[in-house]
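Let me begin by presenting the structure, written as structure tokens, before commenting on it.
Ligands are counted one by one from 1 in listed order, and the atoms in each one are counted from 1 as well. All figures in this text were calculated on a predicted structure; none of them were measured in a lab.
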Amino acid sequence: MKAADFEYVRVRSLAQAFQELERRGDSARILAGGQSLMPMLNLRLATPDCLIDIGGLTGLRDIRPEGQALHIGALVTHRQLQESELVARTVPLLAQAVPHVAHLAIRNAGTIGGSLALADPAAEYPAVALALEATLVVQGAQGERRIAAQDYFQGLYQTARRPQEILTGVEFPVAADGGRAHFSELARRRGDFAMVGLAAQCQFDGPVIARARLAYFAVSDRPVLATGAAAALQGRRPDDDALRAAQAALRADLDPASDLQCDSATRLHLAGVLLARAVEQMRQSA
Ligand SMILES: Cc1cc2nc3c(=O)[nH]c(=O)nc-3n(C[C@H](O)[C@H](O)[C@H](O)COP(=O)(O)OP(=O)(O)OC[C@H]3O[C@@H](n4cnc5c(N)ncnc54)[C@H](O)[C@@H]3O)c2cc1C
């Protein structure tokens with residue numbers, strides 16, 4: 001199939017983008033890397049009257065430290081993230097996630113902003129943002145809003161960003177001493193969307209896990225924090241007893257749906273497998 005007809009506007013500034021969004025209302029869509037939107041247009045899952053291409057807004061391509069956070073502009077591509085030494089050093093959980101996003105050709109063009117704006121429940125970055133308590137920065141004609149990741153993801157492809165706003169960037173807290181990151185996912189083929197995935201960030205106090213944040217994805221309509229499993233790990237060493245307690249608690253944390261990829265019971269089982277991998281990796285690096 002081919003996309004339905006649409007107008008195309010390549011904007012030169014955020015102000016121009018806001019004007020176009022105000023003028024055209026719901027009939028317009030932002031175009032970033034096009035790696036999700038173009039297939040949606042071609043399948044006619046989306047039929048906007050106009051695409052507002054923000055690809056020329058070079059101000060949204062920055063990766064820069066900002067206080068205790070790393071600011072990543074919305075137009076930074078997956079490939080740029082993968083190649084950034086700054087990202088690897090300061091936000092290791094994000095760096096671990098990037099190679100799992102799609103394939104090289106898609107990583108060349110797709111952007112972090114596009115992924116976080118779309119909020120696919122099986123995407124990697126939303127879970128990383130939730131695990132790390134990132135802040136999403138959105139901007140509209142009325143000014144800027146900063147939204148905590150836990151408030152930003154609101155449902156299936158639903159976020160707290162308003163239709164007339166643009167996601168301009170995301171801020172990840174810089175990893176502290178004693179922090180350990182673990183990212184893993186299970187997919188049928190490398191590069192496919194995950195059947196289940198886990199973005200885990202633990203803060204250690206000596207050999208003991210002082211704080212754990214376990215964000216699962218592809219288990220619900222949005223990324224989910226496994227708070228019971230995290231509580232079961234906290235205050236303990238990453239040993240077999242702690243793992244067993246966390247896996248037991250995980251069954252109450254998650255209630256995954258069944259779909260064509262796998263059924264609910266399999267997903268829950270695989271979530272436990274990923275938890276075991278996370279605990280094992282933390283034990284080895286202790
Ligand atoms: C075969 C294939 C496999 C893939 N596998 C994965 C995968 O495993 N994991 C994964 O996470 N993704 C995967 N993707 C999607 C890919 O990561 C996309 O790059 C990403 O989801 C969207 O980024 P984009 O820049 O291409 O956005 P676009 O396709 O341009 O836009 C996506 C949506 O976000 C909106 N949007 C984009 N940027 C902004 C912004 N700054 N502000 C407001 N709205 C905005 C658009 O209007 C559109 O609705 C896959 C895609 C394909 C085709």
(message) Can you check which of Ser36, Ala117, Ser115 brings a heavy atom nearest to atom 36 (N) of ligand 1?
(response) Ala117
(request) Specify the protein heavy atom at minimum distance from atom 5 (N) of ligand 1: its residue, its atom name, and the distance to 0.1 Å. (result) Ala102 CB, 3.3 Å
(message) Using modelled atom types and a 3.5 Å cut-off, is there a donor and acceptor pairing between side-chain atoms of Arg107 and backbone atoms of Pro99?
(response) yes
(request) With heavy atoms under 4.0 Å as the rule, classify the contact between Met38 and ligand 1 as side chain, backbone, both or neither. (result) neither
(message) Quick test: of every protein heavy atom, which one is nearest to atom 33 (C) of ligand 1, and how far off is it to 0.1 Å?
(response) Leu118 CD1, 4.0 Å
(message) Below 3.5 Å, N or O to N or O, backbone or side chain included: is there any such pair between His103 and ligand 1?
(response) no
(request) Just need the protein heavy atom nearest to atom 14 (N) of ligand 1, so name the residue and atom and give the distance. (result) Phe193 CZ, 3.5 Å
(request) Could you tell me which atoms of ligand 1, counted from 1 in the order shown, lie closer than 4.0 angstrom to a heavy atom of Ile166? (result) 41 (N), 42 (N)
(request) To the nearest 0.5 angstrom, please state how far the CD atom of Gln158 sits from the OH atom of Tyr152. (result) 11.0 Å
(message) Which residue and atom name correspond to the protein heavy atom nearest atom 53 (C) of ligand 1, and how close is it?
(response) Gln35 O, 3.3 Å
(request) With sequence neighbours excluded, tell me which residues meet side-chain contact (heavy atoms from CB on, under 4.5 Å) with Ala218. (result) Ala122
(message) Please check whether Leu37 reaches ligand 1 - meaning an N/O of the residue sits under 3.5 Å from an N/O of the ligand, judged on distance alone.
(response) yes
(message) With nothing but distance in play, are any N or O atoms of Ile30 less than 3.5 Å from an N or O of ligand 1?
(response) yes
(message) Around atom CG of Asp259, are there more than 12 heavy atoms from other residues, nucleotides or ligands closer than 6.0 Å?
(response) yes
(request) Could you see which bit of His78 sits under 4.0 Å from ligand 1, with heavy atoms only: side chain, backbone, both or neither? (result) side chain
(request) Decide yes or no for Gln35 and Val101: does some side-chain heavy atom of the first lie under 4.5 Å from some side-chain heavy atom of the second? (result) no
(message) For Ile54, state whether at least one heavy atom is located under 4.0 Å from any atom of ligand 1.
(response) yes
(request) Have a look at Thr111, Leu136, Asp120 and point out the one with the heavy atom closest to atom 25 (O) of ligand 1. (result) Thr111
(message) Let me confirm one number: the CZ-SG distance from Arg24 to Cys50, rounded to the nearest 0.5 Å.
(response) 3.5 Å
(message) Who clusters with Leu14? Use side-chain heavy atoms, under 4.5 angstrom, across I, L, V, M, F, W and Y, and order the result by chain and number.
(response) Val9, Val11, Phe18, Leu21, Ile30, Ile52, Ile54, Leu57, Leu60, Leu75, Ile166
(message) At less than 4.0 angstrom from any non-hydrogen atom of Gly33, what atoms of ligand 1 do you find?
(response) 24 (P), 25 (O), 26 (O), 27 (O), 30 (O)
(message) Any nitrogen or oxygen of Leu167 lying under 3.5 Å from a nitrogen or oxygen in ligand 1? Just yes or no.
(response) yes
(message) Any heavy-atom pair between the side chains of Glu124 and Phe183 that's under 4.5 Å?
(response) yes
(message) Any heavy-atom pair between the side chains of Ser184 and His100 that's under 4.5 Å?
(response) no
(request) Can you establish whether the number of heavy atoms outside Asp5 located under 6.0 Å from its atom CG is more than 12? (result) no
(request) Report yes if Gly34 has an N/O atom closer than 3.5 Å to an N/O atom of ligand 1; otherwise report no. (result) yes
(message) Test your reading of the structure: does Glu165 have an N or O sitting under 3.5 Å from an N or O of ligand 1?
(response) no
(message) Less than 4.0 Å is my threshold; does some heavy atom of Met40 fall inside it relative to ligand 1?
(response) no
(message) Looking only at distances, can you tell me whether any N or O atom of Ala32, backbone or side chain, sits closer than 3.5 Å to an N or O atom of ligand 1?
(response) yes
(message) For the CG atom of Leu118 and the CE atom of Met40, what is their distance to the nearest 0.5 Å?
(response) 6.0 Å
(request) Would you mind running through ligand 1 and noting each atom that sits below 4.0 Å from a heavy atom of Arg29? (result) 47 (O), 49 (O)
(request) Rounded to the nearest 0.5 Å, what's the gap from NE2 on His182 to CD on Gln201? Could you check? (result) 12.0 Å
(request) Would you check whether Ala74 has a nitrogen or oxygen atom less than 3.5 angstrom from a nitrogen or oxygen atom of ligand 1? (result) no
